[in-house]
Each structure stands twice: as C-alpha cells, then as structure tokens.
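Following: one structure in structure tokens, then a few remarks.
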Amino acid sequence: MLNLKNHPFHLVDVSPWPILGAISAMISMMGIIKWFHLFNNNLLLLSSMIMSLIMFQWWRDITREGTFQGLHTLKVSEGLRWGMILFITSEVFFFISFFWAYFHSSLTPSTDIGLIWPPNNIQSFNPIEIPLLNTMILLTSGLTVTWAHHSLMENNFNQTMQSLFLTVLLGVYFSILQGFEYFEASFSISDSIYGATFFMATGFHGLHVLIGTTFLLVSFLRLLLNHFSSTHHFGFEAAAWYWHFVDVVWLFLYISIYWWGS
C-alpha cells in the first residue's frame, strides 16, 4: 500500500505509545505529589522507568520509519525541521522566565535580603574557576559538533565519528564538573531568592546538557549503524541544533549569573 500513495506526506500508523506516554506522565505527576507530601518516591521511580521504556520504543519506531522504511521524505523532513525550530523556540522562552526572575531580583534587591546582591552570607562562585572551565568546554563542544556536521556532509565518516565522540565526552565532562560545583556550593536552593534563581537556572541548564549529551550519544550509535548519509541525517542535525542552543544559554548564564551577578 505504501507504493500506491500519491502524496509525499507520512500518515503515521496506529501506535500505542502516545496514549501510554500520556498515562505514564499522569502517573509521574502523581508520583511527584506522593514524594512531596509523603516523602515516598517509589511511584515516581516506577513511572520514570515506564516513561523511559515508552520513549525508547517510540523513538525506535521513528528511527525505523526514517531509516529503513523511507517514510521521511523531503516534505516530511521539512515538517520535522520546523517542529524542532518551534521546540527550541519554546525552550528559549522557558529560560527567559528564569533570567527575568534573576534580573528582577538582582537589579532591585528587596529589604528582605538587605538591599544588596548577592545577599549577605551568600558566598558566590568565582567566575574564573570551574564556571570559566565549563564555558571553554561547551564552546569547544560547539566546535566539535560543527566539525562532525561538516564531516558528515562531506562523507568523511571517520572524522564524523571522532568529532562526535569528542562532543559526547565534553558533554559528560561538563556535567561532572557541574555536579562537583553543586557539591562544593556554600548555599542551597532554599537560601533566599539568590539560591532559588541560581539553582533553577543552572540546574535546568544542566538537565538540558544531560538530555543533549544523550541525544548526541544516540546519534553516535546510529552513525555506527550507518543510519546517516550526507543528505539524510536530520536526527543528527536536530541534536546539533539542540547542542548549540545549550551552548548559547550557558554563555548568557555565565555572563549574567556567574560573572555579573557575583
């Protein structure tokens, strides 16, 4: 029946993953409420495992559609590109809310925190230590992922694998240093508005780094399985776009929170 269609679009087959994903998301919400009120996270852990399994199988099916079944035509790929652009745009506005909260609190400090920023008894991080190192790591990773993209477009798969593997390593290295920085912090998320805005902004960015690293690692594994060609590699291209977005957000975080805010 696939050969009889007279349009370039992909009409998806019946799939159990959307409804199961919605149910697991609802269970996750119930698990978070149970964790907050009863200090018991077993339902949250169970729902997280279920959600992970659903995501793995759903994305596996999409990989099959685009790689082996040939359903991701040029028209479909264009739609996927616009979808990724709109998703990253929504992520930009997500982080704008954190920057808004930070600048609102720092430019006009309230009497509750002594009319100064950072507040009294808050020892902020030295911006030329781990934060600067992490900035160099992410800027370097932006170069390596661009190197991987151009190598793939030139059919140089050896350089693509080398540069993409380097990007994944740099992402892991960043996350390790971020964890070490949190472990050594002299304040917590409950220490006034400074702690709240600092850990919300940098914490969600750290989560995006973990997601982006996983995205790139999956692209690396797909590259090993010959899923990409010089003209058909949107899965990797979307990961590269997402990683560049993570880089840019970190630059704003470093300049505003670590450097200016300290």
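Sequence positions, counted from 1, serve as the residue numbers for this chain.
The side-chain heavy atoms of His233 and His149, taken from C-beta on, include a pair separated by under 4.5 Å. For the pair His10 and Thr73, the minimum side-chain heavy-atom distance is 4.5 Å or more. Under the 4.5 Å side-chain criterion, counting only non-hydrogen atoms from C-beta, Leu221 is not in contact with Leu223. With a 4.5 Å cut-off on side-chain heavy atoms, Val145 and Ser163 do not count as touching. Using a 4.5 Å heavy-atom cutoff, the side chains of Phe215 and Phe236 are not in contact. For the pair His208 and Val249, the minimum side-chain heavy-atom distance is 4.5 Å or more. Within the 4.5 Å cutoff, side-chain heavy atoms of Leu139 are placed close to those of Leu251. Counting heavy atoms from C-beta outward, Leu133 and Leu177 have side chains that approach closer than 4.5 Å.
Cluster partners of Leu44, using a side-chain heavy-atom cutoff of under 4.5 Å among ILVMFWY residues and allowing indirect links, are Ile32, Trp35, Phe36.
Scanning both residues, Gly142 and Asp247, for their nearest heavy atoms gives CA-OD2, 3.3 Å. In terms of heavy atoms, Leu210 sits closest to Ser175 at CD2-OG, 3.4 Å. Heavy-atom minimum distance, Ile27 versus Ser47: CG2-CB, 3.6 Å. In terms of heavy atoms, Val246 sits closest to Leu138 at O-CD1, 4.4 Å. The minimum heavy-atom distance between Ala201 and Leu253, with the atom names listed, is CB-CD2, 3.7 Å. Taking every heavy atom of both residues into account, Ile54 and Gly21 meet most closely at CD1-N, 3.9 Å.
More than 12 heavy atoms of other residues, nucleotides or ligands lie within 6.0 Å of CZ in Phe220, so this atom counts as buried by the packing criterion. For Phe103, the CZ atom counts as densely surrounded, since its 6.0 Å shell holds more than 12 non-hydrogen atoms of other residues, nucleotides or ligands. For Ile128, the CD1 atom sits in a loose shell: 12 or fewer heavy atoms of surrounding residues, nucleotides or ligands are nearer than 6.0 Å. By the 6.0 Å contact criterion, CH2 on Trp259 is open, its count of non-hydrogen atoms from other residues, nucleotides or ligands being 12 or less. Atom CE of Met30 has 12 or fewer neighbouring heavy atoms from other residues, nucleotides or ligands inside a 6.0 Å radius. Shown here is Met153, whose CE atom has more than 12 heavy atoms of other residues, nucleotides or ligands within 6.0 Å.
The backbone N or O of Gln123 sits less than 3.5 Å from a side-chain atom of Ser186, completing a donor-acceptor pair. Under the 3.5 Å distance criterion, the side-chain polar atoms of Ser90 are matched with a main-chain donor or acceptor of Phe87. Checked by atom type and distance alone, the side chain of Ser229 pairs as donor or acceptor with a backbone atom of His232 at under 3.5 Å.
The distance from atom OG of Ser105 to atom CG of Asp112, rounded to the nearest 0.5 Å, is 11.0 Å. In this structure, the separation between CE on Met136 and OH on Tyr254 is 10.0 Å, given to the nearest 0.5 Å. Going from atom CG of Leu164 over to atom CZ of Arg222 covers 12.0 Å, rounded to the nearest 0.5 Å. To the nearest 0.5 Å, atoms CD1 (Ile193) and OG (Ser106) are separated by 10.0 Å. Once rounded to the nearest 0.5 Å, the distance linking CG of Leu166 with CG of Leu216 reads 12.0 Å. Within the model, atoms OG1 of Thr140 and OH of Tyr173 stand 11.0 Å from one another, a figure rounded to the nearest 0.5 Å.
Using a 3.5 Å distance cut-off with no hydrogens or angles, the side chains of Gln57 and Trp17 do not pair a donor with an acceptor. Side-chain N/O atoms of Tyr182 and Thr202 include a donor and acceptor closer than 3.5 Å. The closest side-chain donor-acceptor pair between Thr167 and Trp243, if any, does not fall under 3.5 angstrom. Side-chain N/O atoms of Ser124 and Ser262 include no donor and acceptor closer than 3.5 Å. In this model, a donor atom of one side chain and an acceptor atom of the other lie less than 3.5 Å apart for Lys34 and Asn42.
For the ring-ring contact (aromatic ring centres under 6.0 Å, His included) with Tyr102, the lone residue among Trp117, Tyr258, Phe198 that qualifies is Trp117. Of the listed residues (Phe199, Phe99, Trp250, Phe245), just one forms a ring-ring contact (aromatic ring centres under 6.0 Å, His included) with His205, and that residue is Trp250.
Sorted by first then second residue, the salt bridge (charged side-chain N to carboxylate O under 4.0 Å, His left out) pairs that include residues 180-202, not counting sequence neighbours, number zero. Among residue pairs with one or both ends in residues 76-87, those qualifying as side-chain hydrogen bond (donor to acceptor under 3.5 Å, both in side chains) are Arg81-Glu237; sequence neighbours excluded. Sequence neighbours left out, not one pair with a member in residues 194-214 passes salt bridge (charged side-chain N to carboxylate O under 4.0 Å, His left out).
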Verdict with reasoning, Ser230 to Glu154, per side chain to side chain contact (heavy atoms under 4.5 Å, CB included): CA-CA 6 Å; Ser230 60; Glu154 294 173 0; over 6 Å; no
Trace of the side chain to side chain contact (heavy atoms under 4.5 Å, CB included) decision for Met161 with Leu224: CA-CA 8 Å; Met161 284 189 287; Leu224 294 178; 3.2 Å; yes
The test is side chain to side chain contact (heavy atoms under 4.5 Å, CB included); show your working for Trp59 and Ile62 and say whether it passes. CA-CA 5 Å; Trp59 293 334; Ile62 294 173; 4.0 Å; yes
Evaluate the criterion side chain to side chain contact (heavy atoms under 4.5 Å, CB included) for residue pair Ile85 and Trp241; output intermediate values, then yes/no. CA-CA 9 Å; Ile85 290 170; Trp241 289 359; 3.9 Å; yes
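Cluster annotation: Met26 is not connected to Met49 through the hydrophobic network of ILVMFWY side chains, with a link wherever side-chain heavy atoms come within less than 4.5 Å. Residues Ile19 and Met29 share a hydrophobic cluster, clusters being chains of Ile/Leu/Val/Met/Phe/Trp/Tyr side chains in contact below 4.5 Å. Criterion: ILVMFWY side-chain heavy atoms under 4.5 Å apart, direct or through other members. Under it, Val92 and Met200 are part of a common hydrophobic cluster. The cluster map of Ile, Leu, Val, Met, Phe, Trp and Tyr, joined by side-chain heavy atoms under 4.5 Å apart, puts Ile116 and Ile257 in different clusters. Linking ILVMFWY side-chain heavy atoms closer than 4.5 Å, directly or via other members, places Phe95 and Met84 in a single hydrophobic cluster.
Note: Tyr194 and Phe187 have perpendicular aromatic rings, judged against thresholds of 30 and 60 degrees for the angle between ring planes.
Phe94 is linked by a ring-ring contact (aromatic ring centres under 6.0 Å, His included) to Phe98, Phe204, counting only residues two or more places apart in sequence or in another chain. By the ring-ring contact (aromatic ring centres under 6.0 Å, His included) test, His244 pairs with no residue at all, sequence neighbours left out.
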